[in-house]
Amino acid sequence: MLETVELAVIGGTGLYSMPGLTNLAEYDLDTPFGKPSAPLVVGTLDGKRLAFLARHGRGHTILPSEINFRANFYALKMLGITQVISVNAVGSLREDYAPGDLVVPDQVFDFTKDRKRTFFGEGLAAHISSADPFCPELSHSLLESIQDTGATVHLGGTFLTIEGPRFSTKAESQVFRAWGMSIIGMNTAPEAFLAREAEMCYAAMAHVTDYDVWHVVDAPVTVDIVIQRLAKNVDISQQAIRNLVKKSRDVRHCACGSALENTIITHPDVIPPETRQKLAILVGKYLK
């Protein structure tokens, strides 16, 4: 029997576990979309239950484009998760977003090519709004939680998601800057869109590790640079999450919890039974 948990943290590069959790439980779940990246670890933090998922698997074995994003979010939905914090390592495309800073972005630009971006299909069509891909309420709480650590954090900016696993060329990096992008990483799309389809609040805590490859003074990004700078920020991530847990509310006032309302365009009578069953956890309340 699964328990019900409200808040989940998806840990990216450098954050593979969440110390301080007590009363641990581990859920090795199967979903209609396959296995998630790793078992979900649930524990108590300051009196509240928190779920943690290692995005790249234990030991970091999964490339960004190999991540089963749909299985990850379906598994979180199975635990009743309503709020998700995504932790990311990113490059900066702006001079004022310096290595060592944190960013809570408010926009996503999906520049990926080979990923499954939706739960829907197989006889059931729905079209969500993604004009504002991050939950403003959760993002604001996350911003305050990071500020309370004393770290330098910026609110706003566009998170450009690339396919990876390689880093950008200098030409690409300059184009992305010309487009007005703020930070660059490999995972926020399609996470933000799947979270919206699952009616979860979603916010990102992005750790700036480098200036990508556009900066004329800073060295081009390498794995060593990313790991070294992330190691310095792990404590900030963990403390910010603790602060957020203390601020978390039982009642959501945003529109994320009803994001699928009036989005299903397929007539209920023609939805295949197997698809209806597969997506019942998402759309069941709208197909009664």
Side-chain angles (χ1 to χ4, degrees), residues 8-10 12-13 55 64-65 67 69 72-73 83-99 101-118 127-147 151-164 167-168 172-212 214 221 237 240 244 252-260 263:
V9 174
I10 301 178
T13 303
R55 178 188 286 119
S65 297
I67 295 169
F69 292 102
N72 284 351
F73 277 85
Q83 300 175 79
V84 178
I85 299 297
S86 171
V87 182
N88 305 270
V90 301
S92 172
L93 297 167
R94 294 171 48 161
E95 190 83 47
D96 56 332
Y97 286 11
D101 293 358
L102 288 88
V103 181
V104 179
D106 60 359
Q107 279 296 320
V108 172
F109 191 102
D110 184 2
F111 202 60
T112 65
K113 306 172 181 66
D114 299 320
R115 303 184 182 185
K116 302 292 186 182
R117 294 172 172 80
T118 180
H127 303 282
I128 61 162
S129 170
S130 54
D132 297 300
F134 296 102
C135 173
E137 183 177 287
L138 184 59
S139 293
H140 181 72
S141 295
L142 178 60
L143 175 73
E144 290 182 337
S145 299
I146 298 171
Q147 288 173 331
T152 300
V153 57
H154 307 273
L155 176 64
T158 299
F159 192 133
L160 173 73
T161 310
I162 60 172
E163 196 71 56
F167 297 122
S168 304
E172 289 168 339
S173 195
Q174 292 291 358
V175 167
F176 298 152
R177 277 173 48 78
W179 286 353
M181 303 294 109
S182 303
I183 53 179
I184 181 170
M186 302 178 186
N187 298 302
T188 303
E191 283 189 355
F193 312 125
L194 293 170
R196 181 59 52 85
E197 289 185 350
E199 298 188 325
M200 299 173 183
C201 299
Y202 180 83
M205 174 165 41
H207 294 263
V208 178
T209 61
D210 55 83
Y211 277 120
D212 202 39
W214 63 270
V221 57
S237 297
L244 182 67
R252 293 190 287 173
H253 300 288
C254 58
C256 302
S258 57
L260 280 180
T263 67

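Residues: numbered from 1 along the sequence shown.
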Just by distance, do the side chain of [X] and the backbone of [Y] share a donor-acceptor pair under 3.5 Å?
| X | Y | value |
| --- | --- | --- |
| Tyr211 | Glu95 | yes |
| Glu199 | Ala255 | no |
| Ser173 | Ser168 | no |
| Asn88 | Ser86 | yes |

Is there a side-chain contact between [X] and [Y] in this structure, where contact means two heavy atoms from C-beta onward sitting under 4.5 Å apart?
| X | Y | value |
| --- | --- | --- |
| Phe167 | Asp210 | no |
| Gln107 | Asp132 | yes |
| Phe69 | Ile10 | no |

What closest approach, in Å, do [X] and [Y] show between heavy atoms, and which atom pair accounts for it?
| X | Y | result |
| --- | --- | --- |
| Arg94 | Met181 | CG-O, 4.2 Å |
| Phe73 | Glu191 | CE1-CG, 3.6 Å |
| Leu260 | Glu197 | CD1-O, 3.1 Å |
| Val87 | Ser237 | CG1-OG, 4.3 Å |
| Val208 | Tyr97 | CG1-O, 3.8 Å |
| Arg117 | Asp110 | NE-OD2, 2.8 Å |

Could you tell me the separation between the [atom1] atom of [X] and the [atom2] atom of [Y], rounded to the nearest 0.5 Å?
| X | Y | atom1 | atom2 | value |
| --- | --- | --- | --- | --- |
| Arg55 | Ile67 | CZ | CD1 | 6.0 Å |
| Ile184 | Arg177 | CD1 | CZ | 12.0 Å |
| Gln83 | Cys254 | CD | SG | 7.5 Å |
| Ile146 | Leu155 | CD1 | CG | 9.5 Å |
| Glu137 | His253 | CD | NE2 | 6.0 Å |
| His207 | Asp101 | NE2 | CG | 11.5 Å |

Inset, instruction - Check Val104, Ile85, Asp106 against Ser139 for a side chain to side chain contact (heavy atoms under 4.5 Å, CB included) and give me the one that passes. - result: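 Result: among Val104, Ile85, Asp106, Val104 is the only option passing the side chain to side chain contact (heavy atoms under 4.5 Å, CB included) with Ser139.
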Kindly list each side-chain donor-acceptor pair under 3.5 angstrom involving residues 156-164, sequence neighbours excluded, with atom names and distances?
from: Thr161; atom 1: OG1; to: Ala189; atom 2: N; distance (Å): 3.3
from: Glu163; atom 1: OE1; to: Lys113; atom 2: N; distance (Å): 2.5
from: Glu163; atom 1: OE1; to: Asp114; atom 2: N; distance (Å): 3.0
from: Glu163; atom 1: OE2; to: Ser65; atom 2: OG; distance (Å): 2.4
from: Glu163; atom 1: OE2; to: Arg115; atom 2: NE; distance (Å): 2.9

Inset, instruction - Show your working on side-chain contact (heavy atoms from CB on, under 4.5 Å) between Phe193 and Val108 and close with a plain yes or no. - result: CA-CA 10 Å; Phe193 312 125; Val108 172; 4.1 Å; yes
Inset, instruction - Test side-chain contact (heavy atoms from CB on, under 4.5 Å) on Tyr202 and Leu194 and set out the steps. - result: CA-CA 10 Å; Tyr202 180 83; Leu194 293 170; over 6 Å; no
Inset, instruction - Please identify each residue that fulfils ring-ring contact (aromatic ring centres under 6.0 Å, His included) with Phe176, with sequence neighbours left out. - result: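 Testing Phe176 for ring-ring contact (aromatic ring centres under 6.0 Å, His included), a comparison that skips the adjacent residues, returns Phe111, Trp179.
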Inset, instruction - Tell me, with the steps shown, if Val90 and Val103 meet side-chain contact (heavy atoms from CB on, under 4.5 Å). - result: CA-CA 9 Å; Val90 301; Val103 181; 5.6 Å; no
